[in-house]
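Structure, as structure tokens:
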Amino acid sequence: MDEKNIDGPKPVNFIREIIDEDLKMNKNSGRVHTRFPPEPNGYLHIGHAKSICLNFGIARDYYGLCNLRFDDTNPSKEELEYVESIKEDVRWLGFEWQDREYYASDYFQQLYDYAISLIKKGKAYVCDLTGEEIREYRGTLTQPGKESPYRNRIVEENLDLFTRMRNGEFPDGLRTLRAKIDMTSPNVNMRDPIMYRILRATHHRTGDNWCIYPMYDWAHGQSDSIEGITHSICTLEFEDHRPLYDWFIEQLGIHHPQQIEFARLNLSYTVMSKRRLLQLVEEGHVTGWNDPRMPTITGLRRRGYTPESLLHFADRIGVAKRENMIDVALLEDSLRNDLNKRAMRVMAVLRPLKVIIDNYPDTVEELDAVNNPEDPAMGSRKIPFSREIYIEQDDFREVPPNKYFRLSPGNEVRLRYAYIIKCVKVVKDDKTGEIVEVHCTYDPETKSGSSQSQRKVKGTIHWVSVNQALNAEVRLYDRLFSVEDPGGDDWKNSLNKNSLEILNNCRLEINLAGAKPENRYQFERLGYFCVDYDSSIERPIFNRTVSLRDTWAKIEKS
RNA sequence: UGCCCGGUGGUGUAAUUGGCAACACACUUGACUCUGGAUCAAGGAAGUCUAGGUUCGACUCCUAGCCGGGCAGCCA
């Protein structure tokens, strides 16, 4: 029911209900056309992924279209680097916009012409108030504003002044073009909002062609209209802007898309605002936008997330108008769900403890191991076994706690895909008392798959042969913040100081040699891991994407 | 002390649009297991913000409150 494919059940939400109704009424002649309109001033995060899935998903399910449109109306904040990263991220998620890659800046001339027509209709005027004055005249949330003394300039003067603004005759910030609406409106957005500001900044697409730039409210709705968008889906904070969105379009008498707002995604134990993410990057709390701890799409990708898991997650969280806080556990569940079915199993020891099997001959034996018990089609592989192996330090306890069924003195345990061994001796460092190695004996009759192998032991542990191991670095990640909701001004105080742990002495199954960045595996009993971009043949580096569910950790805790 | 939006288990999202609350995650228990994984089974958990009203019947409609969020960039 919760598995979704093209022919399966579609997610239900209030936006799709509106569209269903529109279709029933034959609104827009049955057309459905959405758009994803990022501002290229930062990297996309998982909240954007929700929006991408919503917009592109609706287009797909209703046989419509979804445009990719960059809302690039503020050249002082926007950069080409971000445009490229956004395209890369959307594509990686699996969505296509064909030739419909648009930019609000493509419409600067059209917007300018629209503005002229509004001036001619007496619906817009050039205002000479300073920024400070504009704020004063705007009034407050509870008090109405005052009309600008420039509000009643005649059309000719407005036309002349606006043309000269565009021609660069005035310094930055000297004048603005404002819509003439209602300074007493209870909705502050309707108090003669600014349409254009004078700003000399080189735009990443239009260069120095313009020295006036449209504001969001003036650019966005008209861009939607120009593109023939039918449903303009945005987040809740634009709800108060809808009357203005509608006003501009009605004054212009152009195609009227319907703006619909939904609640943005909030994920526990992380922050989602671009401003804060940028701060984490700039202040060095993370290594970059693609740090595997970041909730950015590029970060999640480097961490080892699959596009499919993100898509599934987006379906599961739903779409509504109420504020929400999604438990990261749901994200992790979506990931495990996906990786469980497709990740190749492999053995790796993160914190090695040497085990010597005293009665095992000095040879190397090749054992069969299943690549993925969930998918027989993935086949099997050979893994080398020998007299000396590494096991996880955690899998041996000199004094085993209650219900511990791994290795301990006098106890038996199965080595996955190999034999049952019994611990006969513990060797410690004279000085530190630290356990340096453990001696065991094996039972040759218990080889995996053999007739005698039916003997049952409580535990099975993973291992890696000492002389046939790959040395590697493994990076363990934890949540970036130690509190569920790091809101407030002191949000940085709740940064988790232990969000990254680097292990330098890990031993991996030799079959992992040559693994490429982004390749994903399950390290048996540990979790899902992927090859990091920093990895090299000489120095393999793996990221822990997410651990496996760990029932023992729960038992031990309680 | 203005305007806009919202309020269903711990967290999300549903409820044939007025017919007696479901699904997922999380949690608990058990089965199974050569991954303490996966899988399977069972269970606890909201009576739908409150108070009135309409109705045979209200999570759905009405009224009044309460609580939460957003809005006063020449940002988007």
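Convention: sequence-line order gives letters A, B, ...; per-chain numbering from 1.
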Practice task
Could you measure between the two P atoms, the one in B:A51 and the one in B:A58, and give it in whole Å?
Solution key: 14 Å

Problem - A:Lys554 vs B:C27: side-chain N/O to OP1/OP2 distance below 4.0 Å - result: yes

Exercise for the section: Scan A:Leu526 against the nucleic acid and name what it touches under 4.0 Å (heavy atoms): base, sugar-phosphate only, or nothing. Expected result: nothing

Practice task
Mind checking A:Arg138 for me? I need base, sugar-phosphate or nothing, with any heavy atom below 4.0 Å counting as a touch.
Solution key: sugar-phosphate

Problem - Donor on one side chain, acceptor on other, A:Ser185 and A:Asn187, under 3.5 Å - result: no

Handout entry: Backbone N/O of A:Leu350 and side chain of A:Glu392: donor-acceptor pair under 3.5 Å
Key = yes

Fill in the blank from the handout: Between A:Gly173 and A:Leu548, the residue closer to the 5' end of RNA chain B by nearest nucleotide is A:Leu548

Exercise for the section: Sticking with atom P, work out how far B:U48 lies from B:U8, rounded to a whole angstrom. Expected result: 12 Å

Exercise for the section: Check if the side chain of A:Arg316 and the base of B:U13 share a donor-acceptor pair of N or O atoms closer than 3.5 Å. Expected result: no

Exercise for the section: Using only side-chain N and O atoms of A:Ser76, determine if any of them is under 4.0 Å from OP1 or OP2 of B:C75. Expected result: no

Practice task
Identify whether the glycosidic angle of B:G65 places it syn (within 90° of 0) or anti.
Solution key: anti

Exercise for the section: Report which part of the nucleic acid A:Thr130 touches: base, sugar-phosphate, or nothing (heavy-atom distance under 4.0 Å, all strands). Expected result: base

Exercise for the section: Identify, with sequence neighbours excluded, every residue that meets ring pair (Phe, Tyr, Trp, His ring centres under 6.0 Å) alongside A:His204. Expected result: none

Exercise for the section: Determine the contact category for A:Ile326: base if any of its heavy atoms lies under 4.0 Å from a base atom, sugar-phosphate if only primed atoms, P, OP1 or OP2 are that close, otherwise nothing. Expected result: sugar-phosphate

Practice task
Can you tell me the distance, in whole Å, between the CG atom of A:Asn266 and the P atom of B:G6?
Solution key: 18 Å

Exercise for the section: Scan every strand shown for a Watson-Crick or G-U wobble partner of B:A31, both distances under 3.5 Å, and answer none if you come up empty. Expected result: B:U39

Problem - Touch class at under 4.0 angstrom, heavy-atom based, for A:Asp172 against every strand present - result: nothing

Exercise for the section: Pick base, sugar-phosphate or nothing for A:Ile555, based on heavy-atom distances below 4.0 Å to the nucleic acid. Expected result: base

Exercise for the section: Sort out the partner of B:G68 for me: Watson-Crick or G-U wobble, both distances under 3.5 Å, none otherwise. Expected result: B:C5

Exercise for the section: Look at all strands and tell whether A:Leu244 reaches a base, only sugar-phosphate, or nothing, counting heavy atoms closer than 4.0 Å. Expected result: nothing

Problem - Side chain A:Asp240 and base B:G70 donor-acceptor under 3.5 Å - result: yes

Practice task
Determine the contact category for A:Val457: base if any of its heavy atoms lies under 4.0 Å from a base atom, sugar-phosphate if only primed atoms, P, OP1 or OP2 are that close, otherwise nothing.
Solution key: nothing

Problem - Rounded P spacing from B:G52 to B:C20 in Å - result: 24 Å

Practice task
Might you confirm whether atom NZ of A:Lys422 has over 12 heavy atoms from other residues, nucleotides or ligands at distances under 6.0 Å?
Solution key: no

Completion exercise
Test side-chain contact (heavy atoms from CB on, under 4.5 Å), reference A:Thr306, set A:Leu339, A:Leu311, A:Thr545, output is A:Leu339

Practice task
Have a look at A:Tyr528 and say if it touches a base, only the backbone sugar-phosphate, or nothing, with a 4.0 Å heavy-atom cut-off.
Solution key: nothing

Handout entry: B:G6 glycosidic torsion: syn (within 90° of 0) vs anti
Key = anti

Completion exercise
Taking a pair to mean Watson-Crick or G-U wobble geometry with both distances below 3.5 Å, B:C56 pairs with B:G19

Practice task
Indicate the ring-plane relationship of A:Phe542 and A:Phe523, choosing parallel, tilted or perpendicular according to the 30° and 60° boundaries.
Solution key: tilted

Practice task
Pick base, sugar-phosphate or nothing for A:Met215, based on heavy-atom distances below 4.0 Å to the nucleic acid.
Solution key: sugar-phosphate

Exercise for the section: Give a yes or no answer on whether the side chain of A:Tyr125 reaches the backbone of A:Ser148 with a donor-acceptor pair at less than 3.5 Å. Expected result: no

Completion exercise
Answer for the Watson-Crick or wobble partner of B:A76, both distances under 3.5 Å, is none

Fill in the blank from the handout: Using Watson-Crick geometry (N1-N3 plus N6-O4 or O6-N4) or G-U wobble (N1-O2, O6-N3), each under 3.5 Å, B:G44 is paired with none

Exercise for the section: Give none if B:A14 has no partner; otherwise give the nucleotide forming a Watson-Crick or G-U wobble pair with it, both distances under 3.5 Å. Expected result: none

Practice task
Can you tell me, in whole Å, how much space there is between the C1' of B:G10 and that of B:G57?
Solution key: 31 Å

Problem - Within residues 368-376 of chain A, residues whose heavy atoms come under 4.0 Å of RNA chain B - result: A:Pro373, A:Glu374

Practice task
Write down the distance separating the C1' atoms in B:U11 and B:C4, rounded off to the nearest Å.
Solution key: 27 Å

Exercise for the section: Establish, with yes or no, whether the OP1 or OP2 oxygen of B:G37 is under 4.0 angstrom from a side-chain nitrogen or oxygen of A:Arg336. Expected result: no

Problem - 5' precedence on RNA chain B between A:Gln143 and A:Asn324 (nearest-nucleotide basis) - result: A:Gln143

Problem - Length of the CG-P vector between A:Leu174 and B:C74, whole Å - result: 15 Å

Exercise for the section: Look at all strands and tell whether A:Gln522 reaches a base, only sugar-phosphate, or nothing, counting heavy atoms closer than 4.0 Å. Expected result: base

Exercise for the section: Drop me the distance from A:Asn74's CG to A:Leu199's CG, to the nearest 0.5 angstrom. Expected result: 6.5 Å

Exercise for the section: Can you tell me, in whole Å, how much space there is between the P of B:G19 and that of B:A15? Expected result: 11 Å

Practice task
Describe the nucleic acid contact of A:Tyr417 in one word from base, sugar-phosphate, nothing, applying a heavy-atom distance below 4.0 Å.
Solution key: base

Exercise for the section: May I ask you to verify if any side-chain N or O of A:Arg322 is less than 4.0 angstrom from the OP1 or OP2 atom of B:U8? Expected result: yes

Problem - A:Arg381 atom CZ, neighbour heavy-atom count above 12 within 6.0 Å - result: yes

Handout entry: Pi stacking test for A:Trp552 and B:G36: under 5.5 Å apart, planes under 30°
Key = yes

Fill in the blank from the handout: Of B:U11, B:U35, B:A15, the nucleotide closest to the side chain of A:Glu524 is B:U35

Handout entry: Cation over ring face, A:Arg416 and A:Trp463, 6.0 Å, 45°
Key = no

Practice task
Give one of base, sugar-phosphate or nothing for A:Thr551, where a contact means two heavy atoms less than 4.0 Å apart.
Solution key: sugar-phosphate

Completion exercise
Tested for side-chain contact (heavy atoms from CB on, under 4.5 Å) against A:Ile19, the lone hit among A:Gln258, A:Lys24, A:His231 is A:His231

Exercise for the section: Check whether any side-chain nitrogen or oxygen of A:Arg525 sits under 4.0 Å from OP1 or OP2 of B:G36, and answer yes or no. Expected result: yes

Exercise for the section: Please check if the side chain of A:Arg345 supplies one atom and the backbone of A:Tyr521 the other of a donor-acceptor pair under 3.5 Å. Expected result: no

Practice task
Check every strand shown and say whether A:Glu133 touches a base, only sugar-phosphate, or nothing at a heavy-atom separation below 4.0 Å.
Solution key: nothing

Exercise for the section: Would you kindly check whether a donor in the side chain of A:Arg406 faces an acceptor in the base of B:G36, or vice versa, at under 3.5 angstrom? Expected result: yes

Completion exercise
Winner on side-chain proximity to A:Leu330, out of B:U35, B:A76, B:A24, is B:A24

Exercise for the section: Determine the interatomic distance between P on B:A22 and the same-named atom on B:G47; round to the nearest Å. Expected result: 14 Å

Exercise for the section: With C1' as the reference atom in both, quote the distance from B:U50 to B:U13 in angstrom, rounded to an integer. Expected result: 24 Å

Handout entry: Chi class for B:U33: syn within 90° of 0, otherwise anti
Key = anti

